[in-house]
There are 2 protein chains.
Amino acid sequence: MTKYEKQIYEIVNSSQSHLTAEQVFSELKKVYPAVSQATVYNNLNKLYGAGRIRRVSVEGSPDRYDRTVKHDHLVCRRCGRLTDVCLEDLTDSLKRQLGGEFFSYDLKIFYICPECREKEAQNPARQQ
Amino acid sequence: MTKYEKQIYEIVNSSQSHLTAEQVFSELKKVYPAVSQATVYNNLNKLYGAGRIRRVSVEGSPDRYDRTVKHDHLVCRRCGRLTDVCLEDLTDSLKRQLGGEFFSYDLKIFYICPECREKEAQNPARQQ
DNA sequence: AATAAATTTAGAATAATTCTAAAAAGAGAA
DNA sequence: TTCTCTTTTTAGAATTATTCTAAATTTATT
């Protein structure tokens with residue numbers, strides 16, 4: 001583990017907020033101002049490949065990197081914002097249904113976040 | 001609904017295989033050879049916004065467009081291939097846990113597909 | 001120290017998607 | 001019809017996210 005890999009792991013795992021590669025990059029620059037973008041991508045891929053961080057893709061926005069600690073995501077269909085939520089674990093149920101092992105699962109729930117719902121209530125015309 | 005929108009809807013909804021925008025484009029060109037790429041993106045976004053097709057994002061590969069008919073996805077951690085699978089419906093359970101309504105949910109299960117497992121068994125060195 | 005292997009770097013390249021502004025197509029209303 | 005208005009399409013440029021490349025640097029091994 002290089003110092004960069006270690007630091008990137010720290011950044012992702014101590015953040016509550018599923019960072020984009022760009023955001024990890026700017027956090028890392030606070031510690032190592034000369035680091036390059038490619039190093040961030042290299043190490044995020046390495047950590048993800050090793051299962052030490054989670055990668056979450058959201059339709060229409062860059063991938064995010066997240067702690068591996070079990071949790072699910074609410075995704076706003078209007079603004080795309082991600083919110084953590086902790087729901088009943090599905091591992092056993094999925095194992096039973098699939099009849100075999102798997103790495104992990106990713107559950108996203110699409111909704112309208114309170115902010116966007118508020119906006120739409122004020123201006124119903126722009127509703128989709 | 002324009003002829004393009006209608007045709008794109010048909011293409012996505014009659015395919016079994018979560019097409020990329022690129023793939024939808026080449027299907028559409030079979031019917032309307034002069035159509036442009038932007039039309040495909042415009043209409044996919046429109047149909048998705050209206051909830052008439054599903055959009056599935058997979059880490060590290062372009063978004064895919066899919067029938068809205070309820071099903072879940074297995075994602076191979078090695079080759080990225082998507083496979084449809086039909087698991088127990090979570091709607092009621094999620095409503096209860098979240099205490100409210102939502103649009104839809106998306107469940108992806110990460111595993112190693114039979115082909116990649118086979119390859120790894122033959123050449124264990126390259127295992128990650 | 002010398003050699004080899006892995007990592008980092010800057011910048012170019014690629015890929016997916018959106019944007020732009022003009023052209024074309026539809027859809028009423030006169 | 002013809003005029004006007006709105007929507008959609010188009011080609012190509014622009015943007016964004018990410019990967020690739022090849023040289024330089026760092027780390028590990030002999």
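Keep in mind that what you see is a predicted model, and the values were worked out from it rather than measured. Atoms considered below: every heavy atom in the structure, side chains included; atoms not considered: hydrogens, waters and symmetry mates. Proteins get letters first, then strands, A, B, ... in listed order; numbering begins at 1 in each.
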Using the ring centroid of each side chain, check whether B/Tyr48 and B/Tyr65 are separated by less than 6.0 Å. no
Nearest nucleotide by nearest heavy atom, which residue falls closer to the 5' end of DNA chain D, B/Gly60 or B/Thr2? B/Thr2
Can you check the B/Lys6 NZ to D/dT7 P distance for me, whole Å? 19 Å
Looking at B/Glu120 and B/Arg117, is there a salt bridge between them, counting it only when a charged N and a carboxylate O are closer than 4.0 Å? no
Determine, for A/Asp84 against A/Arg67, whether the closest basic-nitrogen to carboxylate-oxygen distance falls under 4.0 angstrom. yes
Would you kindly give the CD-to-P distance between B/Glu5 and D/dT10, to the nearest whole Å? 14 Å
Could you verify whether a donor N or O on one side chain and an acceptor N or O on the other, from B/His71 and B/Asp66, lie under 3.5 Å apart? yes
Within the 3.5 Å criterion, strictly below it, is a donor on A/Glu22 or A/Ser26 matched to an acceptor on the partner's side chain? no
When you measure from the centre of the six-membered ring of A/Phe110, is the NZ or CZ of B/Arg54 under 6.0 Å away and within 45° of the axis? no
Go through residues 33-44 of chain B and report each residue with a non-hydrogen atom lying under 4.0 Å from DNA chain D, sorted by number. B/Ala34, B/Val35, B/Ser36, B/Ala38, B/Thr39, B/Asn42, B/Asn43
To the nearest Å, give me how far apart OH (A/Tyr48) and P (D/dT19) are. 11 Å
What nitrogen or oxygen pairs link the protein and nucleotides 21-28 of chain C at under 3.5 Å?
none

Of all the choices, C/dT7, D/dT9, C/dA16, which nucleotide is nearest to the side chain of B/Tyr4 once you look at every atom? D/dT9
Pair B/Arg64 + A/Glu59: basic N to acidic O under 4.0 Å: no
Within a radius of less than 6.0 Å around NZ of B/Lys70, do more than 12 heavy atoms belonging to other residues, nucleotides or ligands occur? yes
Would you mind reading off the distance between B/Arg64 atom CZ and C/dA15 atom P, rounded to a whole angstrom? 15 Å
Under 4.0 Å between a side-chain N or O of A/Thr20 and OP1 or OP2 of D/dA17? no
Can you tell me the distance, in whole Å, between the CE atom of A/Met1 and the C1' atom of D/dT26? 17 Å
d(CZ, B/Phe25; C1', C/dT17) in whole Å: 13 Å
Without decimals, in angstroms, what is the distance between B/Tyr32 OH and D/dA11 P? 16 Å
B/Asp63 CG to D/dT18 C1', in whole Å, measures 14 Å
Could you check whether A/Lys6 makes a cation-pi contact with A/Tyr4, meaning its NZ or CZ is under 6.0 Å from the centre of the six-membered ring and within 45° of the ring axis? no
